[in-house]
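Bear in mind that the values here come from a model prediction, so they are computed numbers and not experimental data. Residue numbering restarts at 1 for every chain, and letters A, B, ... go by the order of the sequence lines.
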2 protein chains.
Amino acid sequence: MARPPAAARRDSRARILRAAAAEFAARGYAGANIDRIARTAGLNKAMIYYHFASKAALYREIVGDMFRAVGVRIREVAASDASPEEKVARFIETIATEAEARPHFPPIWFREIAEGGMHLDDKTLRSIDVIVQTLVTILDSGVKAGRFRRVQPLVVHAGIIAPIMLFFGSAGLRARLARAGIGGVAQVTRDAMVAHVQSVTLGVLKGTVA
Amino acid sequence: MARPPAAARRDSRARILRAAAAEFAARGYAGANIDRIARTAGLNKAMIYYHFASKAALYREIVGDMFRAVGVRIREVAASDASPEEKVARFIETIATEAEARPHFPPIWFREIAEGGMHLDDKTLRSIDVIVQTLVTILDSGVKAGRFRRVQPLVVHAGIIAPIMLFFGSAGLRARLARAGIGGVAQVTRDAMVAHVQSVTLGVLKGTVA
DNA sequence: GTCTATAAATAGATAGAC
DNA sequence: GTCTATCTATTTATAGAC
């Protein structure tokens with residue numbers, strides 16, 4: 001019969017979200033194509049407008065969900081009763097885990113930096129801020145406990161997020177370079193990168209490094 | 001008379017390149033609009049096609065020039081007779097100076113990471129690789145001289161480029177957050193950020209940090 | 001070199017049947 | 001909920017006058 005299999009039929013909305021996340025990550029908001037998203041989801045264009053008001057609304061939902069989900073994990077770390085050192089290490093591990101689990105996270109993060117949050121609503125901007133503020137809280141608790149030096153949070157934040165995002169987000173570019181037979185460098189494992197950022201960050205906070 | 005003033009007439013090509021760099025940085029390749037670029041340059045759309053074969057060709061020229069220029073400065077650093085430590089510090093300073101002097105550099109860098117160099121030709125990919133390979137050369141010379149530990153170049157590279165690019169590239173997003181009255185953190189000066197990345201990187205290479 | 005049309009293609013969004 | 005067909009706006013690119 002014409003009726004598609006239940007597995008394909010169910011959750012057309014979820015399938016659109018998945019396909020759209022990949023499309024927005026790969027091509028950006030402007031470069032994303034509604035028709036291509038629909039076909040990737042095994043659906044028709046009209047179905048996207050059945051579930052979402054517009055391309056912009058679809059995009060906002062994906063980015064909003066993404067930052068909110070990361071924010072939730074990060075706050076769990078901050079709310080735990082671990083030591084400040086342990087919280088910093090787990091903050092970093094969590095960012096890496098989320099970046100790995102959601103392949104669209106790093107590319108979308110890069111693009112939103114580049115365009116200054118142009119397509120984001122205030123609610124999502126607040127979700128982004130929550131991540132930063134949560135790190136500030138962790139750093140403050142370490143300072144108050146006499147275990148961390150006072151270091152500019154923006155500097156610590158940049159030293160964590162940026163290398164981790166670059167590592168996960170540049171896999172495609174590294175592959176492209178390799179395919180083109182262009183130089184490149186020895187690859188590094190995910191765990192080695194995370195461990196490095198953890199030890200450097202704690203080194204900075206403990207004062208082992210100026 | 002209809003003839004525009006000499007200052008506006010001269011270098012229509014250069015004016016297009018300037019306007020296009022800003023447009024591509026702000027909106028990305030797909031989001032950039034040829035008509036808007038022309039108007040920003042004080043010209044007509046047709047003039048862009050007089051100077052450039054296509055939107056893609058214009059984009060490639062801008063990105064190619066950008067990476068080549070950065071590569072040149074970086075190689076000057078590596079070719080100098082400074083100590084390995086000094087070269088690392090100047091490598092970082094140079095990246096920061098270029099990012100500051102060319103406001104389109106960080107956004108375009110972010111976007112190209114995100115889309116895996118989709119719009120770039122092999123020549124430009126090679127220019128990107130040169131920057132990495134030059135850092136590898138500097139690190140190697142330090143190791144050979146017994147002054148640096150051997151650390152994965154990809155890790156060192158990510159620890160330098162990513163925070164610097166994030167710092168310069170996120171100015172717009174930080175401003176947007178401030179305008180929306182959303183949290184934010186204490187601002188940091190360019191010099192403080194550069195000094196921090198320099199001391200952390202050298203700490204890693206000298207073994208002060210694990 | 002610079003402009004005014006305008007062609008041609010792409011892509012967001014909707015109407016309406018099933 | 002899902003589809004086909006279509007409207008409409010946007011936008012890259014070109015033709016051709018000056």
With a 4.0 Å cut-off on N to O distance, would you call B:E76 and B:R90 a salt bridge? no
Donor-acceptor pair, distance only, cut-off 3.5 Å: does the side chain of A:D11 make one with the backbone of A:A14? no
Please give the angle, rounded to 10 degrees, between the axes at the start and the end of the helix from C:dG1-D:dC18 to C:dC18-D:dG1, where five pairs define each axis. 0°
Between N or O atoms, less than 3.5 Å apart, protein on one side and nucleotides 13-17 of chain C on the other: list the pairs.
from, atom 1, to, atom 2, distance (Å)
C:dA13, OP2, A:Y49, OH, 2.9
C:dA13, OP2, A:K55, N, 2.9
C:dA13, N6, A:K45, NZ, 2.8

Rounded to whole angstrom units, what separation is found between the CZ atom of B:F52 and the P atom of D:dT12? 15 Å
Do A:R174's NZ or CZ and the ring of A:F167 fall within the cation-pi criteria of under 6.0 Å and 45°? yes
Atom CZ of A:R39 and atom P of D:dT2: how far apart are they, to the nearest Å? 18 Å
Any side-chain donor paired with an acceptor under 3.5 Å for B:D121 and B:T124? yes
If you measure from the Lys or Arg side-chain nitrogens to the Asp or Glu carboxylate oxygens, is any gap between B:R27 and B:E23 under 4.0 Å? yes
Which side-chain N or O atoms in residues 154-164 of chain A pair as donor and acceptor under 3.5 Å with protein atoms at least two apart or in another chain?
none

Not counting sequence neighbours, which residues clear salt bridge (Lys or Arg N to Asp or Glu O under 4.0 Å) with A:E93? List them please. A:R190
Under-4.0 Å salt bridge between A:R126 and A:D129: no
What's the CD1-P distance between B:I48 and C:dC3, to the nearest Å? 11 Å
Partners meeting salt bridge (Lys or Arg N to Asp or Glu O under 4.0 Å) with A:R39 (sequence neighbours left out): A:D35
B:H51 NE2 to D:dT12 P, in whole Å, measures 18 Å
For DNA chain D, the residues among residues 16-33 of chain B that have a non-hydrogen atom under 4.0 Å from it: B:A32, B:N33
Are the side chain of B:S170 and the backbone of B:L173 linked by a donor-acceptor contact shorter than 3.5 Å? no
Gap between atoms OH and C1', on B:Y50 and C:dT4 respectively (whole Å): 18 Å
Rounding to an integer number of Å, can you tell me how far B:D35 CG sits from D:dA9 C1'? 14 Å
Which class fits the ring pair A:Y59 and A:H119: parallel under 30°, tilted 30 to 60°, perpendicular over 60°? perpendicular
